[in-house]
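Here the structure is laid out as structure tokens; the discussion comes afterwards.
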Amino acid sequence: MGLWTLEHHGVVAVATFRRPPRNFMSFVALEELEALLGELTKRDDVSAVVVTGGTPGYFAAHADLDDLVRLGRGQPVEGDPLTWHRTLGLIESMPQPVIAAVNGQAWGGGCELALACTLRLASRSAHFSQPEVALGIIPGAGGTQRLPRLVGPGKAAAMVLTGRVLSAEAAFDLGLVEAVLPDDDFLAHVLEWLEPLATKPRSALVAAKRAMVEGLALPLEEGLRVEGRLFVECQTGEEALTLETAMLARYDMTPPDQPVALDPVPSD
């Protein structure tokens, strides 16, 4: 995987994109990410996946404009243009939550890559934009669809129609990102932020992500049925029964006027 590297930090896999000098996201780069993520979907020992940039100042700057110009002129391009749809769809549908660790410029396709992820964490120096209208086009990898569903139609329209660049703090205020973390040792801060997620049972994480992703695409009543079915699948599993039984034991051991720890009491 020439443009992507993969590291494992416990149950968290970190995929890092390096295409200096600006981390333009080419069709080839997306194909590589698609293949990498496809392999991770088979890994029962991976509970979460982080996608981040490895070129200073860039998460993924935006789609490779050379690819787009050649495509618009009907010229041959390297890689499959449809990989944008497939890869971002895979990010949404794969079992594990996918976290965009945005550590620099995330415009256009870079922003759309982050939008497809389950969660978005930004470094203080990160910035976001959907600038396509300034180039005579529109977002073509989910910016007009995922963004309104995430932040609301009016706020999304303001971002898409103006092409305005948002700082990390402005993106947080908009609801585009879940947290803003320090630039220094950013990945370490990301992994620390994710620790409460990474320590949860993988089966529950997978079911919860599936319920939310599938449910949001359905009317409420149908979404509730999806949630109910997945709840029953989890509740009848041995892992949930063991954890719930241990929780009951902690209640029995704890006076009613004291809080009960959700996680198991550490052994001596």
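Index from 1, following the sequence. None of these values were measured; they are calculated from a predicted model.
Side-chain atoms of Leu176 and Phe128, non-hydrogen and from C-beta on, do get closer than 4.5 Å to each other. A 4.5 Å side-chain heavy-atom check between Leu205 and Lys209 finds every atom pair outside the cut-off. Side chains of Phe17 and Met25 form a contact here, defined as non-hydrogen atoms less than 4.5 Å apart. Considering only heavy atoms from C-beta on, Leu119 comes within 4.5 Å of Trp193 through its side chain. Inter-residue side-chain proximity for Val12 and Leu191 is flagged as met; some heavy-atom pair is nearer than 4.5 Å. Asn23 has its side chain out of reach of Phe59: every pair of non-hydrogen atoms, C-beta onward, lies at least 4.5 Å apart. Two residues are said to be in side-chain contact when any heavy atoms from C-beta on lie closer than 4.5 Å; Ile99 and Arg120 fail this criterion.
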* **Stepwise side chain to side chain contact (heavy atoms under 4.5 Å, CB included) test for Thr236 and Leu241** => CA-CA 7 Å; Thr236 55; Leu241 294 172; over 6 Å; no
* Verdict with supporting geometry, Asp183 and Ser123, side-chain hydrogen bond (donor to acceptor under 3.5 Å, both in side chains) -> CA-CA 5 Å; Asp183 284 318; Ser123 68; 3.2 Å; yes
* **Verdict with reasoning, Glu78 to Arg70, per side chain to side chain contact (heavy atoms under 4.5 Å, CB included)** => CA-CA 10 Å; Glu78 189 177 0; Arg70 294 180 67 85; over 6 Å; no
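In the model, Ser203 has a side-chain atom that pairs as donor or acceptor with a side-chain atom of Glu239 under 3.5 Å. Side-chain contact check for Arg22 and Thr55: no donor-acceptor pair (N or O, by modelled atom type) lies under 3.5 Å. With no hydrogens or angles considered, a side-chain donor-acceptor pair links Glu34 and Thr83 at under 3.5 Å. Remark: the Glu233 side chain and the Gln235 side chain contain no N/O donor-acceptor pair separated by less than 3.5 Å.
Side chain of Lys200 to backbone of Pro196: a donor-acceptor contact under 3.5 angstrom is found. Of the possible polar contacts, none joining the Thr254 side chain to the Tyr251 backbone as a donor-acceptor pair under 3.5 Å is found.
For the atom pair Glu32 CD and Thr87 OG1, the distance stands at 11.0 Å (nearest 0.5 Å). Rounded to the nearest 0.5 angstrom, Leu187 CG and Glu192 CD are separated by 11.5 Å.
Residues Arg202 and Asp45 are not paired through a salt bridge, judged by the lack of any N-O separation under 4.0 Å between the basic side chain and the carboxylate.
Both Val102 and Ile91 are assigned to one and the same hydrophobic cluster, defined by single-linkage of ILVMFWY side chains at heavy-atom distances under 4.5 Å.
Ring pair Phe24/His62 is parallel by interplanar angle, where below 30° counts as parallel and above 60° as perpendicular.
In His8, the NE2 atom is crowded: over 12 heavy atoms of neighbouring residues, nucleotides or ligands sit closer than 6.0 Å.
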